[in-house]
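These notes are about the structure you will find just below.
The figures here come from the full heavy-atom set of this structure, side chains too, leaving out hydrogens, waters and symmetry mates.
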Amino acid sequence: MTEPTFPFRVPFAQACAIVDTVAAERRLQPQTVSLSRAHGHVLARDVVATLPQPPFDNSAMDGFALRHADLATDGAPTRLRLTGEQFAGPDTALAVEAGSCVRITTGAPLPVGADTVVMKENTALDGDDVIVQGAPRLGQHVRRAGEDSDVGDLLLRAGDTLTPARIGLAASQGLAQLDVVRRPTVAVFATGDELVEPGMSLGPGQIYNSNRDQLMGLLRAEGLEPVAFPTLPDDAAQVTSALRHAGEAFDLVLTCGGVSAGEKDLLPELLQRRGRVRVWKVMMKPGMPLLLAEGDTLGPALFLCLPGNPVSVLATWLALGRRLVDGLQGRAPRALRRARLASDWTKTHERLELLRGRWWIDDDGISWVEPNPADGSHRMQAAADSDALIVLDAGPRAYATGTPVDVLPY
């Protein structure tokens with residue numbers, strides 16, 4: 001093999017930087033969606049308040065609106081005349097005069113002249129009078145206009161992922177739509193003559209295609225709507241034709257398998273010849289053969305080629321594939337968690353490792369993670385029994401119980 005003209009066998013941190021650069025170069029365009037469809041999307045433009053919140057002074061409790069100056073200064077009960085009712089809804093333009101009060105419900109506009117609300121539980125009715133027990137503080141149970149946010153405040157930032165709370169905040173401004181970054185369209189391929197679809201009978205030397213369903217689930221968990229294609233055989237002409245078809249129609253083409261250096265690993269040579277390879281082989285375990293390329297003559301899509309072992313698919317997607325999809329939408333890389341190792345672990349190789357493990361928080365609030373000893377990239381049972389990837393830095397090292405490590409939950 002001649003010396004590659006692209007990044008080859010790179011450290012994990014460099015691979016992350018390359019992914020970020022490619023994603024920034026290929027940032028997807030904004031689109032407008034209704035609030036009902038905005039959940040999970042990445043906001044494309046800042047949202048600035050045009051309406052104060054709350055929009056008017058209102059009551060935080062069911063009770064009675066009054067003038068604090070009318071209350072007895074020594075904490076003795078105070079008798080006030082009940083002169084009306086203001087419920088949540090249209091403002092009835094009531095005013096509170098000296099020595100009077102108005103019945104009010106939560107969220108109702110505060111009557112003119114009132115500056116305090118006393119809870120219903122702290123009062124007693126006597127005919128047309130209200131007896132106030134004790135003295136609430138001035139302004140108690142009153143929500144002032146603009147105390148949450150005021151006109152001109154920055155409410156949401158471009159790049160924010162839209163959670164239910166953020167969508168609710170936008171709705172409180174009267175917005176029915178938001179500008180979000182378009183989600184990428186994704187085609188999914190598995191490769192290999194050995195693969196048989198679940199539900200069919202296995203022949204000698206065959207295995208079931210588990211990667212496609214795993215990857216489809218990982219993509220759907222990110223709110224994407226991937227399209228699964230039939231398994232690609234180990235045939236260069238058929239692989240080229242299928243990838244060219246997908247490369248013309250999708251933003252991202254994901255493949256599993258056929259990306260290492262074996263006789264039937266067709267993708268590296270194909271993408272070097274027909275595309276532009278941005279990185280091939282990352283110093284990580286599992287998942288070293290990962291390849292990222294632009295299609296060029298295969299179409300405008302990005303091609304992210306993952307290794308064929310099922311744990312490698314899981315690890316490379318969570319560590320780099322998801323980072324690419326996030327970057328295409330302008331979302332910042334996701335923060336890792338921090339936990340203590342629950343048992344000793346010895347790492348004997350140079351590559352960064354993504355080890356499977358179980359993550360939990362104990363009764364004292366300390367985060368722990370237990371490594372799974374079945375660390376082979378084919379050991380899918382271990383991945384299914386785990387819920388996190390433990391990030392072990394490059395280089396051999398003995399890790400003692402209690403050592404802090406980064407954790408990537410899944």
Side-chain angles (χ1 to χ4, degrees), residues 1-2 4-8 15 18-19 21-29 182-197 209-216 218-220 222 224-282 287 289-308 312-313 316-317 320-325 327-329:
M1 177 180 174
T2 60
T5 58
F6 49 80
F8 177 71
I18 293 169
V19 166
T21 297
V22 172
E25 294 170 353
R26 306 286 292 257
R27 186 71 46 80
L28 298 172
Q29 295 300 307
R182 181 175 65 80
R183 283 174 169 158
T185 56
V186 185
V188 175
F189 291 92
T191 68
D193 290 338
E194 75 278 14
L195 298 181
V196 173
E197 295 308 308
N209 181 5
S210 61
N211 281 336
R212 186 170 62 200
D213 286 313
Q214 178 186 203
L215 191 51
M216 293 290 284
L218 290 166
L219 291 160
R220 290 182 180 124
E222 301 304 318
L224 302 175
E225 298 178 358
V227 176
F229 280 72
T231 298
L232 292 177
D234 294 325
D235 178 88
Q238 292 189 57
V239 169
T240 301
S241 176
L243 294 191
R244 184 172 60 243
H245 172 73
E248 293 288 351
F250 291 85
D251 299 310
L252 177 63
V253 178
L254 283 177
T255 66
C256 305
V259 73
S260 190
E263 293 300 320
K264 293 293 187 177
D265 290 318
L266 305 174
L267 292 172
E269 190 276 334
L270 170 62
L271 286 166
Q272 289 178 64
R273 180 167 47 87
R274 301 292 298 269
R276 178 192 176 198
V277 175
R278 302 299 296 265
V279 64
W280 182 31
K281 296 195 175 181
V282 179
L290 176 139
L291 186 152
L292 174 63
E294 293 169 300
D296 289 353
T297 62
L298 293 173
L302 284 172
F303 290 80
L304 182 62
C305 305
L306 310 181
S312 298
V313 171
T316 51
W317 166 257
L320 292 170
R322 187 167 63 179
R323 188 184 187 106
L324 176 64
V325 167
L328 290 171
Q329 299 172 85

### Task
Please check if the side chain of Thr191 supplies one atom and the backbone of Gly257 the other of a donor-acceptor pair under 3.5 Å.
yes
### Query
Side-chain contact, heavy-atom cut-off 4.5 Å: Leu243 with Phe189?
yes
### Query
So do Thr255 and Phe229 actually touch side chain to side chain, heavy atoms under 4.5 Å?
no
### Query
Any donor and acceptor pair, going by atom type alone, linking the side chain of Trp280 with main-chain N or O of Val259 inside 3.5 Å?
yes
### Query
Taking C-beta and beyond as the side chain, do Leu195 and Asn211 meet within less than 4.5 Å on heavy atoms?
no
### Query
Is the shortest side-chain N to carboxylate O distance from Lys264 to Glu194 below 4.0 Å?
no
## Note on the structure
What one should report as the nearest heavy-atom pair of Gly258 and Pro268 is O-CD, 3.4 Å
### Query
Taking C-beta and beyond as the side chain, do Cys256 and Arg212 meet within less than 4.5 Å on heavy atoms?
no
### Query
Considering all heavy atoms of both residues, which atom of Gln272 and which atom of Val277 are nearest to each other, and what is their separation?
CG-CG2, 3.7 Å
### Message
Let's go through Trp317 and Glu222 carefully: what are the C-alpha distance in whole Å and the side-chain angles of both, what is the deciding distance for side-chain contact (heavy atoms from CB on, under 4.5 Å) to 0.1 Å, and is it a yes or a no?
### Response
CA-CA 11 Å; Trp317 166 257; Glu222 301 304 318; 4.2 Å; yes
#### Entry: Leu320 and Leu306, any side-chain heavy atoms less than 4.5 Å apart
no
### Query
Between Asp251 (side chain) and Thr185 (backbone), is there a donor-acceptor pair under 3.5 Å?
yes
### Task
Keeping to residues at least two apart or across chains, list the side-chain hydrogen bond (donor to acceptor under 3.5 Å, both in side chains) pairs with something in residues 224-238.
Glu197-Thr231, Asn209-Thr231
### Message
Please find the pair of heavy atoms, one from Ala301 and one from Phe250, that lie closest to each other, and give the distance.
### Response
CB-O, 3.1 Å
### Query
Looking at Glu294, Arg278, Glu25, which hits side chain to side chain contact (heavy atoms under 4.5 Å, CB included) with Leu302?
Glu294
## Note on the structure
Nearest heavy-atom contact between Leu290 and Pro307 is N-CG, 4.2 Å
### Message
Could you work out, with salt bridge (Lys or Arg N to Asp or Glu O under 4.0 Å) as the rule, every residue matching Arg27, not counting sequence neighbours?
### Response
none
### Query
Rounded to the nearest 0.5 Å, how far does CG of Leu292 lie from CD1 of Ile18?
8.0 Å
